[in-house]
Amino acid sequence: MILHQELLERFRAGKVPALARAISIVEDEREGFQDLLHAVLQREPSTCRIGFTGPPGAGKSTLVAAAATQYRAQEEHIGIVAVDPTSPYSGGALLGDRIRMNDLTLDPGIFIRSMATRGSLGGLATTTKEVVDLMDAFGFDRVLAETVGVGQTELEITAAADTVIVVLVPESGDAIQAMKAGLMEIADIFVVNKADRPGSDRVVKDLRQALHLRAGGVGKNMPAHHGVDLSRLVRQERSQDAPSSEGAGWEIPVLSTVAQNGTGVEELLTSIEAHREWLASSGALHVRRRARARGRVEDVVDRELRRVARRSGVMGANLDPHLDLIQAGEGTPYSVAREILKGLLR
Amino acid sequence: MPDSERKIRVLVAKPGLDGHDRGAKVIASSFRDAGFEVIYTGLHQTPEMIVSASVQEDVDVVAMSILSGAHLTLFPRVKELLNEAGSGHVLLTGGGIIPEDDIAELEASGVGRLFGPGTPTSAAIDYIREWFAGQEAV
Ligand SMILES: Nc1nc2c(ncn2[C@@H]2O[C@H](COP(=O)(O)OP(=O)(O)OP(=O)(O)O)[C@@H](O)[C@H]2O)c(=O)[nH]1
Ligand SMILES: [Mg+2]
């Protein structure tokens, strides 16, 4: 078994190459990666995790760079992880988010890592959450995570971030589309970027109206009597999905920015701070972290079960006799799977 | 033990001040089509930026496309900075408008194989794959 002891020491000493290598080990699920995570994660999470999602080309990377620049002015240390899609044809990937972040490359207070989705569909790579954990453990004040650009719900981001920012543009269409795409459920903050383009005011107004209707219409988004409806949050925590801000007394702001020149970025950071305070004071941060821990345990169990199955060798060529049975109509995938599982769990 | 399953991560860099990066983009996308994970950082990269990005991204390979004629300074400089950063294990390769003699000189100085004008990108892809297969897993 590989223990990565020397790497751990350098990681703890704050060496950047050690963080970079630790991320690779986790991303590739190389031998010993669980022990490595186990070793660095035995501490309370302290980093402020901010997620950026939204359609392709909306300006997520540009906005992340603009936000990071402002945080640096406050002497904060920033980790950035940006995900771009893996090509389903070649398995390769062209990771281009850094193009918008070149001004940050030489800043020793900023660490940027690009990740490919490697077949994962939720907008992040399977191990992006763990990479954020690593960055947290490394000691960054904030971690900014950018999803791939997809129009529909990139729900995974809610499991990686405390505050989810949905970035839209004037061309994104009306609020109905945002609703259909499930973005209303995951957004803690809406940003309409490229406000220098025509139509941006209309999209902002449209979104505000839709959010307002949603809040008023069914009593959602209204503060409960004692500020927060914790029982609702707990119900959400128990449900499969990570909790959204829905129904918890946070009024989702709709901001507009021009990421290219920094217009509106200060207001965005103010909203992020306000959301942070709300998370802490309402107890939602605790609930979100708990949901995250639950999801992480489930992920690890899933992954380990699959690994056990793969290692046992029952899934490869040894499956052939079973497949013969299925094709001859003498077995079904269910009977075969039952038999295999019986063997594995014995 | 080489890990054939592992993705090869390549930083494709376009150093120097010359204005376009069509060549670098072509290389980046053919690397992607070959199954590599390519980090592309755009135009006007200084050697310091290239090395800083390659450390953060923990790449296996840095591939530079140089058309400006500055190859005799850029390749050794990036190699030197990689070594200083503790990234001596990273393969530095590349191509562009580089005369045969200069290629020989650079390769003798410890830079990886370089590809002159007219070389198909498949040659670079094969070279990177072979190099990677011969690596000890780190
Ligand atoms: N006009 C205008 N263009 C912008 C603005 N912000 C970003 N852009 C441009 O929009 C394009 C896409 O920006 P990115 O930051 O790469 O967008 P992204 O959402 O990260 O894109 P993907 O990661 O590919 O989904 C670039 O050409 C930016 O320069 C803005 O506020 N106004
Ligand atoms: Mg991007």
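Not measured: the values here are computed from a predicted model. Convention: sequence-line order gives letters A, B, ...; per-chain numbering from 1. Basis for what follows: all heavy atoms, side chains included, without hydrogens, waters or symmetry-related copies.
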Query - chain B contact via Phe111(A) - side chain, backbone, both or neither, heavy atoms under 4.5 Å - result: both
Query raised in the report: Taking Arg32(B) for the side chain and Ser87(A) for the main chain, is one N or O donor matched with an acceptor at less than 3.5 Å?
Result: no
Report task. Please flag which part of Ile110(A) lies under 4.5 Å from any non-hydrogen atom of chain B: side chain, backbone, both or neither. Result -> backbone
Report task. Could you check which of Ile112(A), Asp28(A), Ile25(A) has the highest count of heavy-atom pairs closer than 4.5 Å to chain B? Result -> Ile112(A)
Report summary line: Separation between CD (Gln56(B)) and OG (Ser114(A)), nearest 0.5 Å, reads 9.0 Å
**Report entry** Salt-bridge present (Glu27(A), Arg9(B); N to O < 4.0 Å)
**Finding:** yes
Query raised in the report: For Asp103(A), does the CG atom have more than 12 heavy-atom neighbours from other residues, nucleotides or ligands under 6.0 Å away?
Result: no
Query - OG1 on Thr86(A) to NZ on Lys7(B), rounded to 0.5 Å - result: 6.5 Å
Report task. Take Asp58(B) and Arg113(A) through the side-chain contact (heavy atoms from CB on, under 4.5 Å) test and state the conclusion after the steps. Result -> CA-CA 9 Å; Asp58(B) 192 21; Arg113(A) 183 65 174 237; 3.7 Å; yes
Requested in this report: Indicate yes or no: at least one non-hydrogen side-chain atom of Ile99(A) is less than 4.5 angstrom from one of Thr41(B).
Outcome: no
Query raised in the report: Can you check whether Leu95(A) reaches Tyr40(B) side chain to side chain, under 4.5 Å on heavy atoms?
Result: no
Query - Shortest non-hydrogen separation from Ala85(B) to Pro17(A) and the atoms involved - result: O-CG, 4.4 Å
Report task. Give the C-alpha distance, both sets of side-chain angles, the deciding distance and a yes or no for side-chain contact (heavy atoms from CB on, under 4.5 Å) between Glu37(B) and Arg118(A). Result -> CA-CA 10 Å; Glu37(B) 285 184 356; Arg118(A) 298 191 180 174; 2.7 Å; yes
**Report entry** Glu84(B) atom CD, neighbour heavy-atom count above 12 within 6.0 Å
**Finding:** yes
Query raised in the report: Counting only heavy atoms not in Arg43(A), do more than 12 fall under 6.0 Å of its CZ?
Result: yes
Query raised in the report: Would Thr105(A) and Glu48(B) satisfy side-chain contact (heavy atoms from CB on, under 4.5 Å), going step by step from the backbone distance to the final call?
Result: CA-CA 9 Å; Thr105(A) 305; Glu48(B) 286 78 9; over 6 Å; no
Requested in this report: Give a yes or no on whether Gln74(A) atom CD has more than 12 heavy-atom contacts from other residues, nucleotides or ligands under 6.0 Å away.
Outcome: yes
Requested in this report: Find the one option among Gly96(A), Ala116(A), Gly92(A) whose heavy-atom pairs under 4.5 Å with chain B are most numerous.
Outcome: Gly92(A)
Query - Inter-residue atom distance Ile23(A).CD1 - Glu57(B).CD, 0.5 Å rounding - result: 8.5 Å
Query raised in the report: Counting a contact as any heavy-atom pair under 4.5 Å apart, which residues of residues 115-123 of chain B contact chain A?
Result: none
Report summary line: So CG of Asp84(A) and CD1 of Ile39(B): to nearest 0.5 Å the spacing works out to 10.5 Å
Query raised in the report: Going through the distances and angles, do Ser90(A) and Asp33(B) end up as a side chain to side chain donor-acceptor pair (under 3.5 Å)?
Result: CA-CA 5 Å; Ser90(A) 68; Asp33(B) 296 342; 4.6 Å; no
